[in-house]
Amino acid sequence: IIFFNERPISMPASTMQPAVPFQQRHYLQWMAGIRALGGTEPISSLQLALRLKPDVIYFLTDGNFNSRTAAELSQIVQRHSAIHTITFGQRGAESLMKTIATNNRGTYRFIP
């Protein structure tokens, strides 16, 4: 789990973690303490996630991105991870998020 605002906010672990009940409770408690503050700069967070080479990435946003960030995100095409994208609340980033999903073997969803 990697949140983003102006910088990445990674879960407190150095490697991928098993989804066992104890770990789930631990990281859900950690997530509950994260506050949405600041801007919407996902590039470094997405790069961090890609370095882990997971099978799947779920990229969620409730905001829009500046033109520089949008241009960088639209260029991401890689082989290791499928990137599924989700926007919720507003559709400002919908076109970009669809592009990211399409370019990376993922799907796109909107949640009102």
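Side chains are part of it too, since the values below use all heavy atoms of this structure and drop only hydrogens, waters and symmetry mates.
Counting only heavy atoms from C-beta outward, the side chains of Ile83 and Thr85 approach each other to under 4.5 Å. Taking the side chain as every heavy atom from C-beta outward, His84 and Val56 approach each other to under 4.5 Å. Ile9 places a side-chain heavy atom less than 4.5 Å from the side chain of Ile34. Contact check for Tyr27 versus Gln17: side-chain heavy atoms found under the 4.5 Å cut-off. Side chains of Lys53 and Arg79 form no contact here, defined as non-hydrogen atoms less than 4.5 Å apart.
Distance alone, capped at 3.5 Å, places no donor-acceptor pair between the Gln23 side chain and the Pro18 backbone. In terms of modelled atom types and a separation under 3.5 Å, the side chain of Ser45 and the main chain of Phe3 share a donor-acceptor contact. Under the 3.5 Å distance criterion, the side-chain polar atoms of Asn104 are matched with a main-chain donor or acceptor of Gln78. Between the side chain of Thr61 and the main chain of Gly63, a donor-acceptor pair closer than 3.5 Å is present. Judged by distance alone, with hydrogens and angles left aside, the side-chain atoms of Gln90 form a donor-acceptor pair with the main-chain N or O of Asp62 at under 3.5 Å.
If you chain together hydrophobic residues whose side chains sit under 4.5 Å apart, Met16 and Ile1 never meet in one group. Both Ile100 and Phe110 belong to a common hydrophobic cluster when Ile, Leu, Val, Met, Phe, Trp and Tyr are linked at side-chain heavy-atom distances under 4.5 angstrom. Under a hydrophobic-cluster definition in which Ile, Leu, Val, Met, Phe, Trp and Tyr are linked whenever side-chain heavy atoms come within less than 4.5 Å, directly or via other members, Ile86 and Leu50 are assigned to different clusters.
Between Leu60 and Phe88, the shortest heavy-atom distance links the atoms CB-CE2, 4.0 Å. Heavy-atom minimum distance, Ala49 versus Ile57: CB-CD1, 4.0 Å. For the pair Leu96 and Ala70, the tightest heavy-atom approach, listed with the atom from each and the gap, is CD1-O, 3.6 Å. Shown here for Leu48 and Ser10, the closest heavy-atom pair between the two residues is CD2-OG, 3.0 Å.
One distance of note links CG of Leu46 with OG1 of Thr69; it measures 11.5 Å at 0.5 Å rounding. To the nearest 0.5 Å, atoms OG1 (Thr40) and CG (Asn66) are separated by 9.0 Å. Put simply, CD1 on Ile76 and CZ on Phe59 are 7.5 Å apart, with the number rounded to the nearest 0.5 Å. Summarising the geometry, atom CD1 belonging to Ile43 is positioned 8.0 Å from atom CZ belonging to Phe65; distances are rounded to the nearest 0.5 Å. For the atom pair CG of Leu73 and CE of Met97, the computed distance is 8.0 Å after rounding to the nearest 0.5 Å. Here the CD-OG1 distance, from Gln75 to Thr99, works out to 10.0 Å after rounding to the nearest 0.5 Å.
Using the six-membered ring where Trp is involved, Phe22 and His26 have ring planes that are parallel, under 30° apart on the 30 and 60° scheme.
Between Glu94 and Arg109 there is no salt bridge, since no side-chain N of the basic residue sits under 4.0 Å from a carboxylate O of the acidic one.
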